[in-house]
Amino acid sequence: MTFEPRIVGFLCNWCSYAGADLAGVSRISYPPNIRIIRLMCSGRLDPVIILETLAGGADGVIVMGCHPGDCHYVEGNLQAERKIRMLKKLIARTGLEPERLRLEWVSASEGGRFAELVKDFTSQLKKLGQSPLAEEKPDTKILAGVLAAKATAADFRLRVLVGKEKGLIEDANVYGEKVPEEELDKTMEEAIDAEYLRNRIYLMTKDEPLSVKELSKRLDLDPKAVLRHIVVMRRRGLVAIDRVEGTTPFYTALKVE
Amino acid sequence: MERAEEETPRIGVFVCHCGINIGGVVNVPKVVEYAKTLPNVVYAEDNLYTCSSEGLSKIKEGIGKYNLNRVVVASCTPRTHEPLFRATCEETGVNKYLFEMANIREHCSWAHMHEPEKATEKAKDIIRIAVAKARLIQPQKEPEIDVTPSALVIGGGVAGMTAALSLAEQGFRVHIIEKEPELGGTLRHLHKLYPTMQDASDALNQIIKAVESNKNIEVSTSTTIKEVKGFIGNFEATVQKVNGEAANLRVGTIIVATGADIFEPIGMYGYKEYGNVITQLQLEQLLKDGQLKKWERVIMIQCVGSREEKGRTYCSRICCMTALKNAVLIKELLPDTDVYILFRDLQTYGGRYEDYHRMAQDRGIKFIKYLQEKPPTVVSAENGKLTVNVYHALLGEQVTISGDLVVLSTPLTQHENAKELSQFLKVPLGSDGFFFEAHVKLRPIDFATDGIFVCGTAHSPKDTAESVSQALGVASRAAIPMAVKRLRTEAITAMVNENLCSGCGTCVKLCPYGAIEKDAKGVARVTEVMCKGCGVCGASCPEKAISMRHFTDEQVTAQALAALGRLTA
Amino acid sequence: METEPRIVAFLCNWCSYAGADVAGMSRISYPPNVRAMRVMCSGRVDPSFVIRAFETGADGVLVAGCHPGDCHYVSGNLKAEKRMETTRKLLKLLGLGSERLRLEWISTSEGAKFAEVVRDFTESIRKMGPNPLRTEVDAKASANTNTKEVISKALRKTNVQYCLECGKCSSSCPIAKVNEAYSPRRTVERFLLSSEDRALSGTDLWTCLTCFLCTQRCPSDVRYPEFVRACRGIASKEVMEEICAHKGIPLALSRIMINPKIKQERMGWLPEGAEVSRKGDFLYFVGCLPYFDVYFEDFNLEIMKIAQSVVKILNKVGIKPAILNNEKCCGHDLLWTGDLENFEKLARINVAEIKETGATKIVTACPECYRTLKKDYVELLGNMDFEVLHISELLSKLIDEGKIKFETELARKVVYHDSCRLGRHMGVYEPPRKVIASLPGTELVEMKRNRENAICCGVNAWLSCNKYSKEVQIDRLIEAKTTGADLLVTTCPKCQIHWKCVTSEKLPVDASEVTMNMRDLSVLVAEAMNLA
Amino acid sequence: MESEKAVLVIGGGIAGIQASLDLAGRGLKVYLVESSPSIGGRMAQLDKTFPTMDCSMCILAPKMIECFRHPNITLLTYSEVQEVSGKAGNFSVKVLKKPRFIDETRCTGCGECAQHCPIEVYNEFDMKLGIRRAIYVPFPQAVPLKYTIDDEHCIKCRLCQKTCRAEAVDFNQQPQTISLSVQAIIVATGYELFDVQRLSEYGYGRYKNVLVSLEFERLLSASGPTGGHLLRISDGRIPRKIAFFQCVGSRSLKGGVSFCSSACCVYATKEAILVREHVPECEVYIFYNDLKVFGKGFQEFVTRAKDDWGIKYIRALPGEVIEDSKTGNLTLWYEDTIENLTKDMKVDLVVLCPALVPRVASKELASVIGLELDENGFFKSKDPLFAPIDTNVPGVFTCGYCQGPKDIPESVAQASGAAARAAEVIALGASREAH
């Protein structure tokens, strides 16, 4: 039997869902691999939900919203775009293919485009193969990565950066300065890196106390960098020293309220 | 009679054949059997047409017989049919938000009509997703608010007065506040109005008389806005007279009819340098005062300070007609005077203005098209004359005209203090400085913020007839909430968990409707009646402190997992 | 009034002029009536010199050249012989008498012959009496007009002030497409800006074909050709004369006809057995065909066949048309060259003569006569008591009524060309097509640009026949040819003349691409009726 | 109570829809009469709207559905107003409901019937570029989503009847006259296209690749006959060069209408941008006379089209179009009035922007109601300046294009204005009753 990818589609009510309706009304056929979930706006989609879906074994997730300028809620679709951009960077770090997540604009009159996109995504995923997180044999390493990513996406820092991205670029920060887009991109990149690793560390140390050396081995990361994260995490009250073996402290995750 | 939310979900699933539209592809009985196996599903059946009166009574029957407190209909798209099924649920005492729809026609049978087996599997999945959500949905209430049946009209020009008169005739109280000592706005400075050539002051006096004698209208001149609080139905405006006297007005709706300024072209074409370079506005005054001289030649220049490459990029719409009108008036009084109009593109649009243009042609008014990149030049010549040099684009030749008077047609521009008003009202200005409507196409006189409207030249340059049309339009838009007195607002709104909120303000910035603000405690508070339920705030909240009614993270996640086959009891 | 004959003599430099010298040197006396003009060759004497000489009152014209074989320029004298023969025919038609023009061969040594010729010619002219045109030395309309007033009236009358400068005219105008210096729009704009000097003193006004294609398409209903017509009256005549084809002969002929003393001899074409009358309800207005027949004899167009066919057809269906013996030019070309004064004179004469016949119906086979009689006369003189029909309208009606029987299968593929006057000017598009379509064995095909979009034959009122008009003509002929038709039918004799003219010159394309059989509609119908 | 009062709205385009929603929203009863089987009007046919490039159907469909759902609105589609009597505050109206041959209460809009109908007819909604069946909805988002049998083309094979499980097909349906009593009337009958065949120099109807703009709009639309692929319908080729002609029949003293349709310069710009979106290498030329950029954001829109999209504007109205009969390509002649040169251009497609003219049917309606028309056939305003929405008949108001050229937002604003005026009439009546 050939591999049939399972796709979850999150569609905005006003344009894309209507576009999918029109594909049906026009009897345009497309692969039956997509399962559609209706949202009021593509901007509604919390990154955590997408990561949850991927962790749940979806072979692909496609988010569809109104074309820029068409959003029923002014610019929720652009917010979605920012989130997806961040998510793709995050996913890239987990070992899961970021191509499993797509964002597309489909208007209410683009039944053909909807079908075309589903067709295209399905064949793209067929080439990519089954998700390593699909039920039968989830790749534990990648799963750990995705779960860390999920935790990262739920964290304050990235969310605030994404949420304020538009304001920072277009208006100004509290000091009345506009932040150049490239600069913000760099900040974002660094934040993704840092927060993702911290969450990895947190999840690892939740299972068992680990030393910097061990963490560095498992994360394939310079011990110095690991230690820097540990320091930050200790300050935030995320990890504490469980025990010291010889001169080596072992860290363990703290429960967070 | 509504069923309590704490009850265990008892879900009924109704699967529609839609004639053979679904049934011809999807194996409906098999799907029904499958639905019965899903958690919390206590009943499932199939119907030929669930939306027929017969189908609807089957739903009602099911609700009664099996004590259902959640209903899932698997048929077509909720975009057209959901209201019908919701209404059916409500008739039986099930809150309409306890209904969920599975679209197995548009998204399944029609799209996969050549793969019946796969379509059947997909239909099962779609129903599973719907059931996953149905298990978690809660009854919702659409909040109701009272509307104060009075309006505040900001600006006492022709637009504001027309809107006020119509609202008053419809039976509502209206407050007009005007910053000038008298009503009338821009029309006070005009001589005649095109295309009817009616005398502007005559017309204005009639309207002012009607306004002043209308017992539903209260006028405050020399008055400006100091503060506006509240939301649709319940605005509270603080207004202040020039003498410092302040007052509070409680109104249900607000109309912005603040008009526009007329651009003064200082430093352009010798304006203020040569006495005989004037603006159309000044010419209106000369015409009004009967101060024309026996000019040999009058030259009008269009697009002075409008349609610029940068800055005032917009076309001011009324200048071509104004120039034509004044040129014709000059010709009437001084038939031997040559009148030239130097234009870029003649904006003689619509049903009547072309005829007006032809009338000007009949009178021998001369038209010269100039190019933006080769604008005319005006220099002073001997004996008080002016020399205008212009590249006649349509002949490809330089033309020199010696004239006695140069008239500059300048655009309408936004008032300087509009920015302040836009902040008071939390309504936006566009890049051209004019007030920016909710939607350029279909909500041209509404603001995104409910209960506040815009008309006249505050919105964009327009002439009297167009301002009147818009003002009447606003009189309808503003009347709607005041006529119904109580408003039901969106139930699908954002909720803030105050304990989680850190007061970072991300949501405040993101909300396109200004529905979220930080309260005294520094946490976000949603004004439900202003919220439209898009959910952008929730998806972006750094603390995940905001949840969306009827589209909670839990519900959406459950649907996503159900799509992957993960639905557990 | 002076009655002494005034004779103009054109003498060739090498033989005859020298002959005249010899006559003098030999002190041979001859009458003093001759005013001699030296030309390098008798071949230089254009018929227009002769016609203009008569128009301005000469009683006789003598052209003298070398004897055949002696020509200093090989064969100039032979050309002169042919031209003078044509000119003599024209003079005959005009009723001036061909004898007023004499061509003689006089060599250097023949002083006596020169004197003899002059003597003899003077005598014969004296017998003929003075040139009837002699008293009326009024060749040109007196330009006693206020330019500003003419323009402002014309602007209003022809909607020029409504011009929106869109350029639809120039991109429709067949001339503007090939001559980038020309644009009706720009001409109009100059008038509107009161900077019309260039237009009035240049060629712009004379370039217009008055084909009405621009007017047909102008959204502002600017009737540019009519505007041009009105302004030609105040535009430079020198420019006009420079660009006038055939040295202005056709216009001169028209002007000559105005003279009441002119009694034309123009009825020679009537076919044998033709039944025509002097008076009657039904009049056939022949037009200038007899003159064209003479002047364009070389084209072998059998121009008179048109008139003959018309009469035969009319007779066949039982109509005995009245024909004016002294029918004057309708004045079309004068009108369109801005000579309103002379046009009016012709109009009044013709209308009076028509009234005389008692005709209530006039048929013409010439689109220009058709327009002029039906429209311009009415505009000038008010409504007429007669109805004007184009032959195609009449034929179409007769076919409808079953009064026409066709005898011959023509087996022709015919393409029809709408002449500007019949088509766009007068809106007659369908009758000629109907007539052609009803001819047995005839297939009617259309050019791409037909009916209201048809392209002019390239010349109007004998003006501006130049490289641009030739481009237009060749383009049109190629268009006709590419339809695959084997016969090009028109209702306007002038279209045929202009095309024939262009194809008889050096062509920029292969002759096979443009050469086509041409036929006038009436001739074709007569053929089908076996009346040819 | 206002709820007993009713207003008749004639015309189910965006203006009529907006007026109805405003009135219904404030609690008045509305009868919305539309002559075609669905409301939506011209706007439903548009792909995008200028200057925001909003998807037209995306923003219109919710309003259409709202009309259908609104308890205060009675939709009378496929219906015509036949008789109006009475006066402001008390009109009696007779509406003729044409037989759809479908029981609207039974039809579920499932479309099974159309799948089986053997008759194919050119679809008017797609400007006859696409195909529909003899039993049809004009377009998938039609409101109401009820099928109609096109009596003219139906061959009565009754296959639809056999396939309809809802038993909605009723060949015995008769025209039905409905009597209404209303207090005020709003007329919003919109426009139709000027017959561009009258300008034979452009060859519309003779040349396959000369289209009118509304046809082109359908060709661009994702829901149109080519599924949104920009192709020449004549031969399926992708056009590489397209010319738009402005003022085809408008601003004319002869052979057209004297007024300016007001929207063409900008909608042509929109279509031009869409062309570049669809086929980036396709060159687009817009031939115009005066660029009418008077509306909000229009000038900026045109500037963007020039600078960002590379649309070329040439100030000229072309004189003529000539087809190459072999390739179907077109040569057009124009005088570039800025360069002052007359030249030709070869293009693959010519799109004519015709004058938008008041509907022929509005003449009939005018006589039914007693409304005056102006010389251009628009409903005449009582006072063009201060009572633009009022007509010569008290209690009857007009809005939208039928009252004079305007774009969508102007129509929408004016429709609300008409609603306000109608509400005033009712308020006046109510206060009289009270006294």
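Just so we're on the same page: letters track the sequence lines, and every chain starts at 1. Just so you know, these numbers use all the heavy atoms, side chains as well, and skip hydrogens, waters and symmetry mates.
To the nearest 0.5 Å, atoms SG (C:Cys166) and CZ (D:Phe287) are separated by 12.5 Å. Expressed to the nearest 0.5 Å, how far CD of C:Glu165 lies from CG of D:Leu317 amounts to 11.5 Å.
Counting heavy atoms from C-beta outward, C:Ser172 and D:Glu201 have side chains that stay 4.5 Å or more apart. The side-chain heavy atoms of D:Thr337 and C:Arg185, taken from C-beta on, include a pair separated by under 4.5 Å.
Heavy atoms closer than 4.5 Å to chain D are found in both the backbone and the side chain of C:Ser170. In this structure, no portion of D:Asp336 lies under 4.5 Å from any heavy atom of chain C. In this structure, no portion of D:Phe245 lies under 4.5 Å from any heavy atom of chain C. For chain C, the nearby parts of D:Ser325 are the backbone and the side chain; heavy atoms of each come within less than 4.5 Å. For chain C, the nearby parts of D:Ser252 are the backbone and the side chain; heavy atoms of each come within less than 4.5 Å.
For C:Asp221 against D:Lys254, the heavy-atom pair with the smallest separation is OD1-CD, 3.3 Å. Residues D:Thr342 and C:Ala176 come closest through the heavy atom pair CB-O, 3.9 Å. Heavy-atom minimum distance, D:Pro318 versus C:Ser171: C-OG, 3.7 Å. Between C:Leu164 and D:Arg315, the closest heavy-atom pair is O-NH2, 3.1 Å.
Side-chain atoms of C:Glu452 and D:Ser200 form a donor-acceptor pair, as typed in the model, at a separation below 3.5 Å.
Residue-environment remark: NZ (C:Lys153) stays at or below the threshold of 12 foreign heavy atoms within 6.0 Å. Within 6.0 Å of CD on C:Glu149 lie no more than 12 heavy atoms contributed by other residues, nucleotides or ligands.
Most heavy-atom pairs under 4.5 Å with chain D, from the set C:Gln216, C:Arg186, C:Glu180, C:Lys448: that is C:Arg186. Interface summary for chain C: among D:Ile322, D:Leu332, D:Asn340, the most heavy-atom pairs under 4.5 angstrom belong to D:Asn340.
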Working note: D:Asp344 + C:Lys177, criterion side chain to side chain contact (heavy atoms under 4.5 Å, CB included); need CA distance, chi angles, decisive distance, verdict.
CA-CA 9 Å; D:Asp344 62 345; C:Lys177 282 178 177 173; over 6 Å; no
